[in-house]
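Just so you know, these numbers come straight off a predicted model, no measurement behind them. The sequence lines fix the lettering, A, B, ..., with proteins before strands; numbering per chain opens at 1.
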There are 2 protein chains.
Amino acid sequence: MQNAPRKARNSANSTRRKGAAVTIHEVAQRAGVSPMTVSRVVNGNANVRAATRELVMRTVRELNYTPNAAARSLAAASGTRIALIYTNPSSAYLSELLVGALDGASKAATQLVLDTWDHMTRATERAAARKIAQSVAGVILPPPLCESKAVCSELVAAGIPVVAIASGRFQPDISGVRIDDFRAAQEMTEHLISFGHSRIAFIKGHPNQTASALRYEGFQSAMAAAGIPVDPTLVQQGFFTYRSGLEAAEKLLARKKPPTAIFASNDDMAAAAVSVAHRRGMDVPRDISVVGFDDTPIATTVWPELTTIRQPIAAMAASSIDLLLRSIRRRKDGEARVVVDHVVAHVLVKRDSVAAPAPG
Amino acid sequence: MQNAPRKARNSANSTRRKGAAVTIHEVAQRAGVSPMTVSRVVNGNANVRAATRELVMRTVRELNYTPNAAARSLAAASGTRIALIYTNPSSAYLSELLVGALDGASKAATQLVLDTWDHMTRATERAAARKIAQSVAGVILPPPLCESKAVCSELVAAGIPVVAIASGRFQPDISGVRIDDFRAAQEMTEHLISFGHSRIAFIKGHPNQTASALRYEGFQSAMAAAGIPVDPTLVQQGFFTYRSGLEAAEKLLARKKPPTAIFASNDDMAAAAVSVAHRRGMDVPRDISVVGFDDTPIATTVWPELTTIRQPIAAMAASSIDLLLRSIRRRKDGEARVVVDHVVAHVLVKRDSVAAPAPG
DNA sequence: GAGCGTAGTGATAGCGCTATCAAAATTCAA
DNA sequence: TTGAATTTTGATAGCGCTATCACTACGCTC
């Protein structure tokens with residue numbers, strides 16, 4: 001008289017209480033299959049006849065079914081937690097990184113855990129890597145952490161999937177989501193050249209990050225393609241910090257024949273270059289053009305706003321989560337580790353820091 | 001005869017598989033009570049004898065038990081999701097806000113959902129508020145959204161708990177976590193005065209944010225207390241943007257007798273002031289001291305690094321989550337809405353942008 | 001055509017927790 | 001001391017999902 005509770009309730013009671021989502025049982029019933037089959041379809045498991053899969057998928061769509069994250073991770077006993085580890089918490093694109101990762105995680109019903117590794121020696125990094133490998137199923141590594149051999153190898157050894165985000169190089173043993181730094185730098189250089197600049201200075205990024213080298217190479221390549229020789233005295237070493245940009249720009253602009261444009265390897269250094277130019281009484285972009293890279297908040301904070309290369313960090317973070325989840329599932333199914341290199345499109349954002357060089 | 005399967009496994013098998021956490025059953029068994037009692041204790045439910053509660057809590061601590069988020073939310077059928085809604089995604093403290101909120105959320109095993117409300121009219125804001133109220137159990141509102149009557153009243157009407165973070169004013173109908181802007185501005189002003197400054201300029205914040213007024217009042221109060229009259233021509237209106245800071249500072253420094261110190265209502269404007277000073281050939285802090293407010297990344301990006309007021313945004317975000325969770329639980333138990341105003345300590349961070357005024 | 005493997009599917013039994021209500025222990029009144 | 005009122009505790013039954021294994025077809029070898 002009283003029970004057969006769940007199915008009865010769910011199918012009969014069409015007015016579900018606010019927020020109560022449609023369950024796998026409802027989908028199963030509607031499609032005329034067992035919940036297990038629905039589960040298999042939803043999880044992309046093999047061994048479901050094409051016709052059945054089709055039917056279930058249609059039903060899922062009709063009912064707008066979304067698997068319940070809690071139930072799923074409870075049943076699967078796979079606390080699919082993903083760690084996002086970063087250093088340098090004030091890094092300008094951290095917030096975008098977080099937004100993207102959080103978004104991807106919540107869509108995929110995964111818990112995202114954050115970890116900050118600051119001021120660590122190689123040894124402590126190793127230890128930390130080993131520790132984190134115990135408690136999560138995957139790791140997202142933004143730069144500069146993804147450049148650390150120690151961290152990467154430890155993580156790889158522990159067998160947990162890793163995605164390096166925005167790392168310049170495609171690393172052999174870990175997957176990555178990145179833009180084409182080389183091509184982007186090329187485009188930016190071409191952009192400058194198209195305005196008529198030829199005395200273009202370049203401020204390099206931190207030497208321990210592979211993206212730095214790629215950006216520089218892109219610059220060189222575009223200059224060469226345009227038949228413009230690169231004046232080595234117009235190339236300064238920077239370290240991605242505002243401070244280092246200040247020093248580099250100072251040297252550049254103190255010359256008796258300063259460049260007509262400065263291409264800084266990131267926005268912080270470009271902002272610093274703008275500041276130095278102003279200090280020397282130069283107008284940007286009238287007297288000198290300045291461009292950056294990354295499109296971090298500082299690019300739109302300073303005046304004039306910087307022409308720069310936009311990396312879609314949020315989208316990259318979200319897609320890292322996807323990548324990771326796929327690897328995790330694959331790993332669980334005992335399949336071999338697959339390393340992918342996902343290159344996403346960048347955008348050259350034109351703002352107000354570029355103009356044609358002054359005649360003469 | 002037949003069952004007791006789980007208990008047997010858990011107690012006998014001391015080698016838990018990697019990552020498998022201690023369960024409520026283990027705690028219960030160890031403490032010699034039922035799982036239900038442990039659950040009650042952990043959830044702060046009343047109706048547990050003091051002695052029992054004590055015993056369970058000790059056991060929990062011994063075993064280092066953490067409730068399984070998935071199981072909990074599954075069983076409680078309470079998709080305790082909390083929304084963090086922001087506008088202006090490039091706002092400098094967004095990343096810290098996210099870090100804090102995410103941290104608090106993951107500790108409390110709550111899902112955090114993000115939402116961006118940009119370029120919205122009052123009407124669309126209302127609609128969005130009504131919509132979000134359907135899908136989450138609580139909302140965190142950073143400025144400037146928490147100043148919107150439309151949003152707040154809609155949310156309050158929907159009966160869902162709201163916490164305003166870093167809002168200057170203590171609003172009558174929603175809870176808040178904030179610093180004492182008035183007191184902080186006072187302290188900063190006193191700091192400047194203690195260096196011997198008296199011609200202190202002030203750049204006000206955006207007029208639609210209550211924190212702006214409080215900061216200005218704090219400044220006035222400290223000046224009055226020191227017996228220094230505030231020169232009204234040394235007070236400029238700003239809008240929290242770098243650009244507005246540029247204009248304000250320009251006016252201030254173009255005077256034939258410029259101030260010896262500038263107190264900007266946030267870091268962006270302070271950074272702009274530094275830039276203007278440099279442009280005019282002035283050294284900071286030798287020729288002019290500049291201070292900001294908020295301690296956002298830009299404060300440590302520019303050179304010299306800014307003396308500013310640090311708001312512990314991350315901690316504030318985390319504690320907002322706590323507050324919210326408590327409200328949600330209270331609400332579920334049918335208790336009356338309680339509005340709290342949580343004021344956290346700020347810190348005056350002394351860096352390199354302040355010095356004694358030049359003699360004469 | 002018996003024997004055996006191999007998709008494809010479903011029944012069953014939990015994952016770790018909490019809602020619910022019944023049972024036990026306690027308190028209090030008479 | 002007894003009975004009722006109350007507090008404290010426990011047993012049971014799921015929350016929505018998936019792991020596991022059993023079972024049904026169907027095709028294959030010999």
Side-chain angles (χ1 to χ4, degrees), chain A residues 2-10 16-17 19-29 31-56 60 63 65-80 109 329 332-334, chain B residues 2-10 16-17 19-29 31-56 60 65-80 109 329 332-333:
Chain A
Q2 82 293 30
N3 47 12
R6 191 182 322 172
K7 269 180 187 164
R9 173 165 73 62
N10 277 342
R16 70 181 81 268
R17 66 185 179 292
V22 13
T23 73
I24 201 170
H25 287 92
E26 302 174 62
V27 177
Q29 200 182 29
V33 299
S34 78
M36 201 51 234
T37 300
V38 177
S39 170
R40 275 192 270 257
V41 171
V42 169
N43 290 297
N45 226 292
N47 288 3
V48 179
R49 211 183 332 164
T52 314
R53 152 172 283 117
E54 185 57 37
L55 167 67
V56 171
V60 163
L63 259 37
Y65 164 71
T66 325
N68 176 314
R72 182 183 262 186
S73 74
L74 183 56
S78 73
T80 312
R329 173 150 285 156
K332 217 175 52 183
D333 294 353
Chain B
Q2 82 295 20
N3 46 13
R6 190 181 322 173
K7 269 180 187 164
R9 175 166 71 63
N10 276 343
R16 70 180 81 268
R17 66 187 180 290
V22 12
T23 73
I24 201 170
H25 286 92
E26 301 175 64
V27 177
Q29 198 182 31
V33 298
S34 78
M36 201 52 233
T37 300
V38 176
S39 170
R40 275 191 271 258
V41 170
V42 169
N43 290 295
N45 225 292
N47 288 1
V48 178
R49 212 181 332 165
T52 313
R53 152 171 281 115
E54 185 56 36
L55 167 66
V56 171
V60 164
Y65 164 71
T66 324
N68 176 315
R72 181 183 264 186
S73 74
L74 183 55
S78 72
T80 312
R329 175 149 283 157
K332 217 176 52 182
D333 295 353

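Counting heavy atoms from C-beta on, the side chains of B/Val33 and B/Val38 come closer than 4.5 Å. Counting only heavy atoms from C-beta outward, the side chains of B/Val60 and B/Val41 never approach each other to under 4.5 Å. Side-chain atoms of A/Val22 and A/Val27, non-hydrogen and from C-beta on, do get closer than 4.5 Å to each other. Residues B/Arg40 and B/Thr52 are not in side-chain contact: their nearest non-hydrogen atoms beyond the backbone lie 4.5 Å or more apart.
If you take OH of A/Tyr65 and P of D/dT18, they are 6 Å apart, rounded to a whole angstrom. Atom P of nucleotide C/dG16 and atom CZ of B/Arg40 are separated by 21 Å, given to the nearest angstrom. In this structure, A/Glu54 atom CD and C/dT9 atom P are separated by 13 Å, rounded to whole Å. Rounding to whole angstrom units, CD1 of residue B/Ile24 and P of C/dA19 are separated by 11 Å. Separating the CG atom of A/Asn47 from the P atom of D/dT24 is a distance of 18 Å, rounded to the nearest angstrom.
For a distance-only test at 3.5 Å, the side chain of A/Arg53 fails to qualify as a donor-acceptor partner of the base of C/dG8.
Checking C/dC17, C/dA19, C/dG8 against every side-chain atom of B/His25, the shortest atom distance belongs to C/dC17. Nearest nucleotide to the B/Thr37 side chain, out of D/dC17, D/dG10, C/dT9: D/dG10. Listed nucleotides D/dT20, D/dG16, C/dC17 differ in distance to A/Asn68; the shortest reach to its side chain belongs to D/dG16. The B/Arg72 side chain lies nearest to C/dT18 when the options are C/dT9, C/dT18, D/dT18. In this structure, the nucleotide among C/dA7, C/dT20, C/dG10 sitting nearest to the side chain of B/Met36 is C/dT20. When distances are taken from the side chain of B/Leu74 to each of D/dC15, D/dG10, D/dC17, the shortest belongs to D/dC15.
A sub-4.0 Å separation between OP1 or OP2 of C/dA11 and a side-chain N or O of A/Ser34 is absent. Within the structure, a side-chain polar atom (N or O) of A/Ser39 is placed less than 4.0 Å from OP1 or OP2 of D/dT18. Between A/Arg49 and C/dG8, a side-chain N or O to OP1/OP2 separation shorter than 4.0 Å is absent. Taking side-chain N and O atoms only, A/Thr23 has no distance below 4.0 Å to OP1 or OP2 of D/dC15.
Side-chain atoms of B/Gln29 do not come within 3.5 Å of backbone N or O of B/Glu26 as any donor-acceptor pair.
Each of B/Ala71 and B/Val48 was matched to the nucleotide of DNA chain D holding its nearest heavy atom; the match closer to the 5' end belongs to B/Val48.
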